[in-house]
Amino acid sequence: MGNKIENLMPFETAPFPMSRPRRLRQSDWMRRLISETQLSVNDLIWPLFITEGTNVKEEIPSMPGVYRYSIDLALEAVNEAANLDIPMVALFPHTDAALKTPSCDEAFNPDNLVSRATRAIKAAIPDIGVMLDVALDPYNSDGHDGIVRDGQILNDETLFALEKQALAHAEAGADVLGPSDMMDGRIAVIRQALEQNEFQNVSIMAYSAKFASAFYGPFRDAVGASGALKGDKKTYQLDPANSREAIQMVARDLAEGADMVMVKPGMPYLDICQRVNTEIGAPCFAYQVSGEYAMIAGAADNGWIDRNKAITESLLAFKRAGCSGILTYFAVEFANMQEDFL
Ligand SMILES: NCc1[nH]cc(CCC(=O)O)c1CC(=O)O
């Protein structure tokens, strides 16, 4: 009896010409009434890159319009985001190559760059959420998310480091931790460590369906990891061919104590977003990653697409797929667009 879509149809449409679906598309006011999906600044998380120094704001060549900020200027940028009602920022460090080691000790240095930035933001702008990645790659001389020995990315040894990093981040005041490493067992280890150290209110947004993707290239430039990375991340990040496995990882991370999950990259994986939202139903976020930013910004800079329309359409797609929200480098730009509109 019919396919799934037919089964879900709440009514049968009359045959043409009694039914003319274009009637509901005739005017802007009618289209707004009929719209099935809303996108607002409440849906956005703004990732931003932090660097050492003062008064530094340097553009990332492969992400025109995206900058690395020293902490003093990051405060101004985050303040702008807060004034635009963006609920949360996600901070990523650009780490000096001299601080990268095989044991990744800088990851859990309580005074590392992101910890200092988090303390400064929470003190000055308490009403915006701060999320920090839990992963070793910014601090690893091998560029990987795990500790490498003899060419192997060691799972269990990495977990000890991630646990220390998670606690250092919580101590610094991070509201949400984003384990983005894809090691097995990391959510359970981090959740247990948080519980045992009175960080019960720290949330975990697990990068659960994180694919081994070509779309992370500009990010690795932004955090200075491109030069360090040897090989690829295919032994821990997911195969882009796999959907069932992605759903399984989402279920596993929730069972280990994640509060929210993430699908990453975003646009090439909208099917995964939709599956998570219909089959699992936990709060799910999409990460519109650096390469997606670069494609839209690059095409718009060349006059090949309309920047504002492409941004809005690309973000709306995640809401249509059922996501609670989106990590996007366009967050502040989109919020400013909305302000202009009002
Ligand atoms: N664990 C690191 C991490 N956290 C977020 C991103 C990518 C974000 C982006 O491309 O915008 C990556 C890169 C990677 O896994 O190599």
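First listed ligand is number 1; within each ligand, the first listed atom is number 1.
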Taking a cutoff of less than 4.0 Å between a non-hydrogen atom of the residue and any ligand atom, is [X] in contact with ligand 1?
X      : answer
Asp181 : no
Gln288 : no
Gln237 : yes

[atom]: which protein heavy atom is closest, and how many Å away?
atom                    : result
atom 8 (C) of ligand 1  : Phe219 CD1, 3.3 Å
atom 14 (C) of ligand 1 : Lys233 NZ, 3.3 Å
atom 7 (C) of ligand 1  : Lys264 NZ, 2.9 Å
atom 4 (N) of ligand 1  : Asp133 OD2, 2.9 Å
atom 2 (C) of ligand 1  : Asp137 OD2, 2.8 Å
atom 10 (O) of ligand 1 : Ser290 OG, 2.7 Å

Structural part of Asp145 in contact with ligand 1, heavy atom criterion under 4.0 angstrom: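 The answer is the side chain.
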Below 4.0 Å, non-hydrogen atoms only: which portion of Ala135 touches ligand 1? Side chain, backbone, both or neither.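 Near ligand 1, Ala135 shows its side chain, while the N, CA, C and O stay back.
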is_close_aromatic(Phe215, Tyr287), centroid dist under 6.0 Å: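 Aromatic pair excluded; centres sit 6.0 Å or further apart.
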Pair Phe49 and Phe219, ring centroids less than 6.0 Å apart: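 Here the rings of Phe219 and Phe49 have centres that are less than 6.0 Å from each other.
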Short side-chain donor-acceptor distance under 3.5 Å, [Y] and [X]:
X      : Y      : answer
Asp43  : Gln38  : no
Arg252 : Gln248 : no
Thr95  : Glu106 : no

Let me confirm one number: the [atom1]-[atom2] distance from [X] to [Y], rounded to the nearest 0.5 Å.
X      : Y      : atom1 : atom2 : result
Thr235 : Met182 : OG1   : CE    : 10.5 Å
Leu75  : Ser70  : CG    : OG    : 9.0 Å
Ser314 : Gln288 : OG    : CD    : 4.0 Å
Glu76  : Asn55  : CD    : CG    : 8.0 Å

Please could you name the atoms of ligand 1 that Arg220 approaches to less than 4.0 Å, counting only its heavy atoms?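 Near Arg220, the atoms of ligand 1 are 14 (C), 16 (O).
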Which of the atoms in ligand 1, numbered in the order shown and given with their element, are less than 4.0 Å from a heavy-atom of Lys210?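 Answer for ligand 1: 1 (N), 2 (C), 3 (C), 4 (N), 12 (C), 14 (C), 15 (O).
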Given Tyr293, Tyr329, Phe215, Tyr207, which one has a non-hydrogen atom that is nearest to atom 11 (O) of ligand 1?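 Among Tyr293, Tyr329, Phe215, Tyr207, the closest heavy atom to atom 11 (O) of ligand 1 belongs to Tyr329.
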